[in-house]
Amino acid sequence: METGSSPRGHDNSNTPVAEPERLTTAIPSSEEQTEITLGEITEGEIGPFSSIKVPIIFTPVVPGNVQARFKVMFKNPQCPMLHFRVMGVAIDVPVWVPKPSVDLKICMYDRLYQDSVLVHTRSKAALRLKFEVCKELRAHLELLPETGYIQAQSSYSVQLKFLPRHSLPEDAGRYFDKETRVLEAPMTIWVADQNKPVEFTVHAIVTTSDLELSPSEVDFGYCTIYEAIRTEIRLHNHSLLPQEFGFVKLPKFVDVQPNDGFGTILPLETLQFEVIFQPTKAEEHSFKLTCKSEINRCFKLSCRAVGVHPPLELSHYQIKFAATALYDTSVATVYVINSHLSMSSRTHSKPRTGSEDTSPVGPTSFEFLLPPDSPITISPSVGTVWPGKRCLVQVAFRPVLPEKLIRQEALPLLNKEMETKSFRKDMASQKKDIHRLSFSALRMQNRDKLFKVSVPHVLELRKRELNPSSDEYQAARATLVRAFQAKFDTFVVPCVVASGDIKDRKGPEPPSFSPHNTLYLELWCPTVAPSVVVTSHKGKTIFNFGDVAVGHRSIKKVSIQNVCPEDLALDFSLLNPNGPFVLLNHSSLLRAGETQVLVLSFSPHESILAQETLDIITKRGTLTLTLVGTGVASMITCSIEGSILNMGYVIAGESVSSGFKLQNNSLLPIKFSMLLDSLSSARGRGQQQLPQFLSSPSQRTEVVGTQNLNGQSVFSVAPVKGVMDPGKTQDFTVTFSPDHESLYFSDRLQVVLFEKKISHQILLKGAAREHMMFVEGGDPLDVPVESLTVIPVFDPKHREASSRPGPPSPEAEELRPILVALDYIQFDTDMPAPPATRELQVGCIRTTQPSPKKTVEFSLDSVTSLQHKGFSIEPSRGSVERGQTKTITISWVPPADFDPDHPLMVSALLQLRGDVKETYKVIFVAQVVTGP
């Protein structure tokens with residue numbers, strides 16, 4: 001049948017079509033035959049850039065040529081009418097085939113496909129038929145029977161057998177398209193007494209049934225009996241048909257996944273499979289994997305491997321950690337076991353590599369090789385296990401944020417801080433110059449300055465190393481922690497094994513680990529965001545209390561929040577009970593979304609850098625707070641040696657001052673205060689006790705001596721309180737102001753730091769006289785406690801008598817006794833012993849009162865008599881200037897007629913003349929003492 005068409009209509013390719021075109025009925029012309037008609041579709045709509053099919057039916061009635069014309073009309077007037085012509089030729093043959101095309105669909109090589117071809121006849125006589133296959137396909141296609149008779153007005157069935165061989169593409173020639181794999185084979189039916197044969201066509205798509213495994217060979221290498229090695233292989237279907245397949249007859253030590261190696265592969269599809277090899281003993285393995293298709297075709301893959309039995313084994317080869325929050329720690333335990341006890345194969349399988357020699361019995365070393373920058377810690381990572389023993393190994397998983405990511409997050413915060421500081425500095429300089437510059441000039445100057453300064457700031461910022469304890473670093477880390485999304489990581493940690501004890505290796509050379517005996521530990525590490533976070537202090541988890549003086553306390557408040565959707569029970573780790581850190585409050589429950597405040601205290605007991613961790617433990621993880629603080633001892637040095645400040649002698653009613661210094665050698669400013677024992681509130685309780693001279697010597701601890709009668713303090717100090725900066729020195733002035741005569745003025749000055757700690761105790765001593773002279777030395781003859789009643793040395797009458805001219809009478813003045821005891825130590829040797837020596841000090845007090853006497857003269861009588869009894873006194877007379885003292889040295893050597901059993905006692909008068917005259921009776925008591 002031939003088809004034609006009228007000239008092409010108007011091209012509407014450039015005209016946009018807004019809606020489908022309405023296609024009206026296509027009708028033939030009136031003068032044409034009616035053997036050619038349209039099908040059911042005679043009208044409808046055609047969419048933009050689309051097409052439709054209109055069936056044309058040719059049903060000839062009589063032999064001959066037939067033609068018909070058709071026209072297509074559109075509702076859119078812009079579309080012209082289309083015209084086309086249909087022609088057909090009707091012939092009169094008695095035999096025909098109702099199916100002129102036999103479609104065998106898709107066929108595989110070497111597979112038999114059959115179909116039946118039905119032949120009809122309208123003849124009233126039986127006809128002889130001969131079925132012929134084109135010579136190119138006679139080796140692949142067959143019609144049976146080759147000849148036959150068809151009865152009158154009946155049908156005849158011919159069997160079609162198609163068995164394509166692999167030589168089909170070459171044999172078929174022009175009937176086979178190698179690219180599309182389509183076969184079009186013409187078949188001929190010869191009818192007796194009929195010139196024109198009956199033809200029909202056999203259609204088929206011929207494809208292969210090959211499956212391809214790649215790679216062609218797999219080498220698993222060395223694999224221990226405690227592990228499995230997997231490798232990927234690919235299965236490709238070269239066929240245009242889906243095929244069912246399966247890996248069959250697998251060895252016990254081999255597994256193929258997924259779906260155990262069975263399934264259906266689609267046309268031209270490639271599937272990936274994992275081949276898992278897990279040996280059960282140490283030997284060399286060589287085997288083939290067989291993949292069998294549904295048509296019983298087998299495709300094989302060669303594999304080889306070496307099984308290894310290492311001398312050590314692990315109790316677990318896979319650890320699945322629980323979901324661990326960032327900066328939390330999960331710990332698991334694994335044992336390294338040495339079960340190689342003997343070389344006998346009857347007791348146990350012997351460690352070896354493939355078919356090599358057996359490993360020796362003895363200590364075996366191991367070492368875990370951690371991947372770099374991994375959140376895994378293994379302790380111990382190196383060790384030695386003896387036969388029959390095992391070594392405990394702890395594996396810790398602590399996920400953290402990458403250091404680079406935190407620094408990138410902290411960089412804008414640091415940039416903002418630098419810009420703020422720069423802006424404040426520029427504003428300060430503007431205020432200084434604003435009275436000299438106009439606003440516009442100032443703005444231009446500030447812009448230029450900012451441009452010049454910003455570049456060095458940026459460069460300095462990029463070079464600056466962020467300290468992990470800095471505020472910017474901690475804030476950036478807290479921000480990233482709150483925005484963290486859960487992730488899952490897998491780590492494989494190799495454990496290498498070597499024979500011998502690791503302690504026996506010489507020098508820095510590592511032991512010779514065998515790569516074939518390597519064990520592998522697989523770790524599953526899920527990481528989640530923490531459920532409890534710190535909301536105060538910019539999210540920091542490191543809290544530095546700074547420098548705190550010993551004995552003092554610093555407080556920090558930390559806010560924590562539950563950011564998970566469920567209530568959490570809280571538990572806190574124990575801080576060192578003897579340490580400086582204390583958690584002052586705690587709670588057992590933190591509800592969802594709730595925030596609680598923890599109060600932490602740092603109170604150092606000594607000068608030390610302290611650091612502890614406080615774990616806030618929940619079922620969803622642990623939040624660790626790091627507490628850091630420095631205890632600083634209050635190191636104060638005093639310029640007074642021996643902690644005794646002796647103010648010397650002062651005229652009663654006058655005062656004298658002396659100074660000393662305190663220096664702060666610590667790193668903290670120190671608050672100080674000065675306290676006198678005489679002004680202490682506890683002194684009243686001490687006065688209720690017995691006087692010192694009535695108590696036993698061991699109980700005489702009072703340091704507050706004679707006090708002023710007017711109620712004012714004898715000693716005073718300035719300043720009373722203040723603050724000493726680190727490394728600075730503070731000057732103090734002590735004033736001694738007695739109002740009456742006494743030799744036993746004393747008090748104690750305490751230096752108190754921070755109103756708590758007593759740093760130094762300074763004993764203050766002084767003496768006062770009515771007159772300008774004094775004598776010091778000798779043995780005490782009285783007690784250092786005065787009566788509340790003033791007893792004059794002599795009454796006024798005697799004072800008047802002593803002022804009259806003439807020699808003084810013994811009753812006109814009181815003799816003051818001075819006892820001087822001398823012990824001559826005699827040794828049991830022939831060498832003479834040194835003389836016994838004592839000293840007396842005669843002094844003249846410096847006074848502000850006008851006085852005609854500028855010196856004090858002294859003289860000692862009976863010097864000659866004393867010399868006859870072995871005494872030597874130098875000098876026996878002299879004078880003392882104001883503010884000076886002179887020493888009288890007294891030495892004694894026993895005379896020849898001295899009786900050691902009777903001590904020698906003599907006396908002499910010592911006279912002092914200054915503003916008044918005073919006479920002292922000096923009593924000398926001498927004795928001989930036997931020394932060692």
Side-chain angles (χ1 to χ4, degrees), residues 417-418 421 424-425 428 460 464-474 537 540 542-556 578-582 600-612 626-647 656-677 679-680 715-736 747-765:
E417 179 186 357
M418 296 291 288
K421 291 182 179 178
R424 291 177 179 174
K425 186 177 180 180
E460 179 186 356
R464 176 178 173 184
E465 289 293 334
L466 280 172
N467 189 349
S469 60
S470 64
D471 293 343
E472 295 82 5
Y473 186 96
Q474 293 289 319
H537 301 82
K540 293 193 301 182
I542 300 177
F543 300 96
N544 192 346
F545 288 82
D547 296 335
V548 178
V550 173
H552 290 257
R553 184 171 70 174
S554 177
I555 300 293
K556 280 189 180 295
N578 296 323
F581 297 103
V582 178
L600 299 169
S601 168
F602 175 58
S603 179
H605 307 297
E606 57 182 335
S607 180
I608 192 174
L609 176 61
Q611 177 174 337
E612 292 188 42
T626 303
L627 311 179
V628 181
T630 305
V632 179
S634 304
M635 294 180 291
I636 301 295
T637 57
C638 182
S639 61
I640 299 177
E641 297 181 0
S643 298
I644 298 177
L645 180 59
N646 194 341
M647 306 295 292
V656 66
S657 297
S658 179
F660 67 93
K661 295 181 180 181
L662 292 180
Q663 184 173 1
N664 181 7
N665 296 325
S666 63
L667 301 177
L668 291 176
I670 295 178
K671 181 181 180 181
F672 66 88
S673 58
M674 299 292 180
L675 298 181
L676 291 171
D677 281 9
L679 302 178
S680 173
F715 298 94
S716 62
V717 61
V720 177
K721 59 177 60 178
V723 176
M724 282 185 289
D725 294 329
K728 299 298 181 180
T729 301
Q730 180 68 48
D731 294 325
F732 294 89
T733 302
V734 178
T735 303
F736 176 44
D747 207 339
R748 182 167 58 188
L749 178 64
Q750 295 182 351
V751 182
V752 182
L753 307 181
F754 301 106
E755 300 180 356
K756 290 183 178 181
K757 179 183 177 182
I758 298 177
S759 173
H760 290 79
Q761 294 183 348
I762 303 173
L763 182 61
L764 306 179
K765 299 176 66 176

J.: Check side chain to side chain contact (heavy atoms under 4.5 Å, CB included) between Thr626 and all other residues, then give those that pass, not counting sequence neighbours.
T.: Ile542, Gln611, Thr613, Val628
J.: May I ask you to test the Cys638-Ser643 pair for a side-chain heavy-atom distance under 4.5 Å?
T.: no
J.: Show the nearest heavy-atom pair for residues Leu668 and Pro726, with the distance to one decimal.
T.: C-CG, 3.6 Å
J.: Does the side chain of Thr735 pick up a donor-acceptor pair with the side chain of Ser657 at under 3.5 Å?
T.: yes
J.: Just checking Phe581 against Phe545, ring centres under 6.0 Å apart?
T.: yes
J.: Drop me the distance from Ser639's OG to Leu645's CG, to the nearest 0.5 angstrom.
T.: 9.0 Å
J.: Would you please test Leu600 and Leu627 for side chain to side chain contact (heavy atoms under 4.5 Å, CB included) and show each step?
T.: CA-CA 9 Å; Leu600 299 169; Leu627 311 179; 3.6 Å; yes
J.: Considering all heavy atoms of both residues, which atom of Val550 and which atom of Ser607 are nearest to each other, and what is their separation?
T.: CG2-N, 3.7 Å
J.: Looking at side-chain heavy atoms only, is the closest gap between Leu662 and Asn664 below 4.5 Å?
T.: no
J.: Do the side chains of Pro580 and Glu612 get nearer than 4.5 Å, heavy atoms only?
T.: yes
J.: Between Leu764 and Met647, does a side chain to side chain contact (heavy atoms under 4.5 Å, CB included) hold up when you go through it step by step?
T.: CA-CA 7 Å; Leu764 306 179; Met647 306 295 292; 5.6 Å; no
J.: Can you classify the ring geometry of Phe672 versus Phe732 as parallel (below 30°), tilted (30 to 60°) or perpendicular (above 60°)?
T.: perpendicular
J.: Can you tell me how far the OG atom of Ser658 sits from the CG atom of Asn646, to the nearest 0.5 Å?
T.: 9.5 Å
J.: Is there side-chain contact between Ser603 and Val582, with at least one heavy-atom pair below 4.5 Å?
T.: no
J.: Mind checking what makes salt bridge (Lys or Arg N to Asp or Glu O under 4.0 Å) contact with Lys721, not counting sequence neighbours?
T.: none
J.: Atom CZ of Phe602 and atom CG of Asp547: how far apart are they, to the nearest 0.5 Å?
T.: 8.5 Å
J.: Which distance, rounded to the nearest 0.5 Å, do you find between the CE of Met724 and the CG of Asn665?
T.: 9.5 Å
J.: Using side-chain heavy atoms (C-beta onward) and a distance below 4.5 Å, is Leu675 in contact with Leu749?
T.: no
J.: Can you list the steps and then say if Leu679 with Phe715 is a side chain to side chain contact (heavy atoms under 4.5 Å, CB included)?
T.: CA-CA 10 Å; Leu679 302 178; Phe715 298 94; over 6 Å; no
J.: In Å, rounded to the nearest 0.5 Å, how long is the span from CZ of Arg748 to CD of Gln761?
T.: 4.5 Å
J.: Can you tell me how far apart NZ (Lys765) and CG (Asp747) are? Round to the nearest 0.5 Å.
T.: 13.0 Å
J.: Quick one: does Ile636's side chain get under 4.5 Å of Leu753's, heavy atoms only?
T.: yes
J.: Start with the C-alpha distance between Val548 and Arg553, add both sets of side-chain angles, then the distance that settles side chain to side chain contact (heavy atoms under 4.5 Å, CB included), and finish with yes or no.
T.: CA-CA 7 Å; Val548 178; Arg553 184 171 70 174; over 6 Å; no
J.: Taking only residues two or more places apart in sequence, or in another chain, which ones meet Lys728 in a side chain to side chain contact (heavy atoms under 4.5 Å, CB included)?
T.: Asp725
J.: Check the surroundings of atom NZ in Lys556: do more than 12 heavy atoms from other residues, nucleotides or ligands lie under 6.0 Å from it?
T.: yes
